[in-house]
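In what follows, a structure is listed as structure tokens, so that the remarks can point back to it.
Order of the sequence lines sets the chain letters (A, B, ...), proteins ahead of strands, with each chain counted from 1.
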2 protein chains.
Amino acid sequence: MDFEAIKAHLAKKGLKATHQRLVVLQCLLMLKNHPSVEQVYEKIRPGNPTISLGTIYKTLETFVEAGIVQRVSTKEGAMKYDANLSRHDHIYSTNTQEIIDFEDEELSKIVENYINKKRIGNFKVNDIRIQIEGEKINPEKDIDII
Amino acid sequence: MDFEAIKAHLAKKGLKATHQRLVVLQCLLMLKNHPSVEQVYEKIRPGNPTISLGTIYKTLETFVEAGIVQRVSTKEGAMKYDANLSRHDHIYSTNTQEIIDFEDEELSKIVENYINKKRIGNFKVNDIRIQIEGEKINPEKDIDII
DNA sequence: TTTTAAATAATAATAATTCTTATTTAGGAA
DNA sequence: TTCCTAAATAAGAATTATTATTATTTAAAA
Ligand SMILES: [Mn+2]
Ligand SMILES: [Mn+2]
Ligand SMILES: [Zn+2]
Ligand SMILES: [Zn+2]
């Protein structure tokens with residue numbers, strides 16, 4: 001997504017296309033690592049030295065409310081953000097603190113169908129998320145899903 | 001689990017059975033709500049007015065390290081603790097901030113088998129967790145799984 | 001009973017997040 | 001294009017969450 005497309009994306013949600021919002025969203029789309037607020041800040045700072053950390057916090061929460069970004073949390077507590085809104089799950093590597101997308105339509109469908117069949121009374125299901133936790137064997141190398 | 005059983009449980013893990021640890025663990029076993037540190041503190045305080053908040057933090061982390069309690073997190077960020085170590089999943093109600101256990105051996109097996117079949121290279125899976133997010137329809141009433 | 005390593009209480013320090021307010025700015029109106 | 005205004009930002013203060021420090025207490029082993 002280029003700058004103009006991002007601008008249109010924001011406009012569609014009724015959000016002013018400020019420079020700060022453009023760079024934060026571009027950063028999130030680029031880094032697919034599910035970065036923390038601090039990580040977005042550090043990434044953006046060199047090219048935008050006057051941007052404020054508070055603005056990053058505010059901007060990311062604005063995006064969450066507008067539904068163009070989602071929060072992802074791990075057992076380690078730090079809050080992370082994800083611009084990938086397609087229905088997907090996460091692999092969390094405890095030794096490297098990485099979060100990696102795990103996309104598997106078939107699995108999603110299986111679980112979704114199973115839970116819908118099950119019927120949970122007095123509750124409306126909005127989202128089902130699978131978290132696969134474990135550790136990278138060689139922290140230098142990438143995880144690859146076969 | 002009564003006080004003596006909890007005492008034995010701690011001893012088995014090589015942890016001193018201090019009064020503070022006994023009441024914190026008993027509290028977690030009793031409240032199955034996946035309470036936060038603050039909630040454990042408030043629950044315990046009336047009967048133990050000299051207990052320190054720092055001790056609750058320390059104690060819960062000690063339990064996590066010893067493997068007798070696990071952390072549970074939600075997208076809202078607050079850290080919660082769970083003494084239920086059986087393989088189970090969670091229903092998270094966003095409007096009431098409640099976490100409820102969802103126990104379904106069959107579903108667990110299906111997902112586990114699927115992921116094991118899939119093979120994730122350079123990664124050792126330790127745990128698979130499903131989080132069902134949504135909202136209570138009537139916040140006063142309980143969620144019931146059929 | 002005595003000893004001692006480990007745990008706790010109290011409090012200080014640090015880290016994470018939110019709030020406040022003066023200033024700036026995007027985008028619509030003129 | 002220029003003007004206007006509501007909304008957004010920067011800077012810093014305040015709040016909240018968590019961790020660290022240290023003197024005192026205590027569980028449990030000798
Ligand atoms: Mn539970
Ligand atoms: Mn936090
Ligand atoms: Zn993701
Ligand atoms: Zn649970």
Side-chain angles (χ1 to χ4, degrees), chain A residues 3-4 6-27 34-42 44-66 68-69 71-81 97, chain B residues 3-4 6-27 34-42 44-66 68-69 71-81 97:
Chain A
F3 245 67
E4 282 311 309
I6 293 177
K7 225 161 163 171
H9 194 186
L10 290 174
K12 201 160 34 184
K13 295 288 177 177
L15 296 176
K16 273 192 187 177
T18 64
H19 177 71
Q20 290 85 343
R21 284 174 179 171
L22 292 177
V23 295
V24 168
L25 188 48
Q26 192 192 38
C27 173
H34 310 79
S36 65
V37 171
E38 203 65 39
Q39 286 171 321
V40 170
Y41 185 51
E42 290 313 327
I44 280 177
R45 210 128 79 108
N48 305 269
T50 66
I51 203 165
S52 152
L53 179 59
T55 298
I56 313 283
Y57 273 101
K58 192 77 188 339
T59 300
L60 287 169
E61 282 310 305
T62 301
F63 289 169
V64 169
E65 279 170 47
I68 61 184
V69 151
R71 279 191 280 250
V72 179
S73 70
T74 71
K75 281 186 200 162
E76 316 307 319
M79 185 58 66
K80 314 264 196 153
Y81 294 85
Q97 313 263 105
Chain B
F3 244 66
E4 282 311 309
I6 293 177
K7 225 160 163 169
H9 194 186
L10 290 174
K12 201 160 34 182
K13 296 287 179 177
L15 296 176
K16 274 193 189 178
T18 64
H19 177 72
Q20 291 85 340
R21 284 174 179 171
L22 292 177
V23 294
V24 168
L25 188 47
Q26 192 193 37
C27 174
H34 310 79
S36 65
V37 171
E38 203 66 38
Q39 286 171 323
V40 169
Y41 185 51
E42 290 313 327
I44 281 177
R45 210 127 80 106
N48 304 270
T50 65
I51 203 166
S52 151
L53 179 60
T55 298
I56 313 283
Y57 272 101
K58 193 78 189 336
T59 300
L60 287 168
E61 283 309 305
T62 301
F63 288 170
V64 169
E65 278 170 48
I68 60 184
V69 151
R71 278 191 281 250
V72 179
S73 70
T74 72
K75 281 186 200 161
E76 317 307 319
M79 186 59 65
K80 315 264 197 152
Y81 293 86
Q97 314 263 105

Residue B/Ser52, side-chain atoms from C-beta onward, closest of C/dA9, D/dT18, C/dT8 | C/dA9

A/Arg21 side chain, from C-beta outward: closest of D/dA8, C/dA9, D/dA10 | D/dA8

I'd like a table of atom pairs between the protein and nucleotides 26-29 of chain D - only N or O on both sides, under 3.5 Å - with the distance next to each one.
{"from": "D/dA28", "atom 1": "OP1", "to": "B/Ala17", "atom 2": "N", "distance (Å)": "2.9"}

Spacing of [X] atom [atom1] relative to [N] atom [atom2], expressed in whole Å:
X       : N      : atom1 : atom2 : answer
B/Ile51 : D/dT24 : CD1   : P     : 21 Å
A/Glu61 : C/dA16 : CD    : C1'   : 13 Å
A/Leu22 : D/dA8  : CG    : P     : 13 Å
B/Tyr81 : D/dA17 : OH    : P     : 13 Å
B/Phe63 : C/dA7  : CZ    : P     : 11 Å
A/Lys13 : C/dA26 : NZ    : C1'   : 20 Å
B/Arg45 : C/dA10 : CZ    : C1'   : 13 Å
A/Leu53 : D/dG12 : CG    : P     : 13 Å

Give a yes/no on whether any side-chain N or O of A/Tyr57 is located under 4.0 angstrom from OP1 or OP2 of C/dT17.
-> yes

Quick one: is A/Gln20 getting a side-chain N or O under 4.0 Å of the C/dT24 phosphate, OP1 or OP2?
-> no

What does B/Thr62 touch in the nucleic acid at a heavy-atom separation under 4.0 angstrom: a base, only the sugar-phosphate, or nothing?
-> nothing

Look up atom CG in B/Leu25 and atom CD1 in B/Ile6, then write down how far apart they are to the nearest 0.5 Å.
-> 5.0 Å

Hey, could you give me the CD/CD distance between B/Gln39 and B/Glu42, rounded to the nearest 0.5 Å?
-> 9.5 Å

Would you please test A/Arg21 and A/Thr62 for side chain to side chain contact (heavy atoms under 4.5 Å, CB included) and show each step?
-> CA-CA 10 Å; A/Arg21 284 174 179 171; A/Thr62 301; 4.0 Å; yes

State whether the side chain of A/Ser73 and the backbone N or O of A/Met79 hold a donor-acceptor pair below 3.5 Å, judged by distance alone.
-> no

Please confirm whether the backbone N or O of A/Lys80 pairs with a side-chain atom of A/Ser36, one donor and one acceptor, at under 3.5 Å?
-> no

Taking the side chain as C-beta and beyond, is there a heavy-atom pair between A/Asn48 and A/Gln20 under 4.5 Å?
-> no

Heavy-atom side-chain contact between B/Lys13 and B/Ile68 under 4.5 Å | yes

Specify the residue among A/Lys58 and B/Glu38 whose closest nucleotide of DNA chain D lies further upstream toward the 5′ end.
-> A/Lys58

Start at the 5' end of DNA chain C and walk down; is the nucleotide closest to A/Val37 or to B/Pro49 reached first?
-> B/Pro49

Name every donor-acceptor pair, under 3.5 Å, that has one atom in a side chain of residues 50-57 of chain A and the other anywhere in the protein, sequence neighbours excluded.
{"from": "A/Ser52", "atom 1": "OG", "to": "A/Gly54", "atom 2": "N", "distance (Å)": "3.2"}

Quick one: do the A/Tyr81 and A/Glu61 side chains pair a donor with an acceptor below 3.5 Å?
-> yes

Decide side chain to side chain contact (heavy atoms under 4.5 Å, CB included) for B/Phe3 and B/Gln26; before the verdict, give the C-alpha distance in whole Å, the side-chain angles of both, and the deciding distance to 0.1 Å.
-> CA-CA 8 Å; B/Phe3 244 66; B/Gln26 192 193 37; 3.5 Å; yes

Note on DNA chain D: ranges paired as stems (three or more Watson-Crick/G-U pairs in a row, both atom distances under 3.5 Å) are C:1-30 with D:1-30

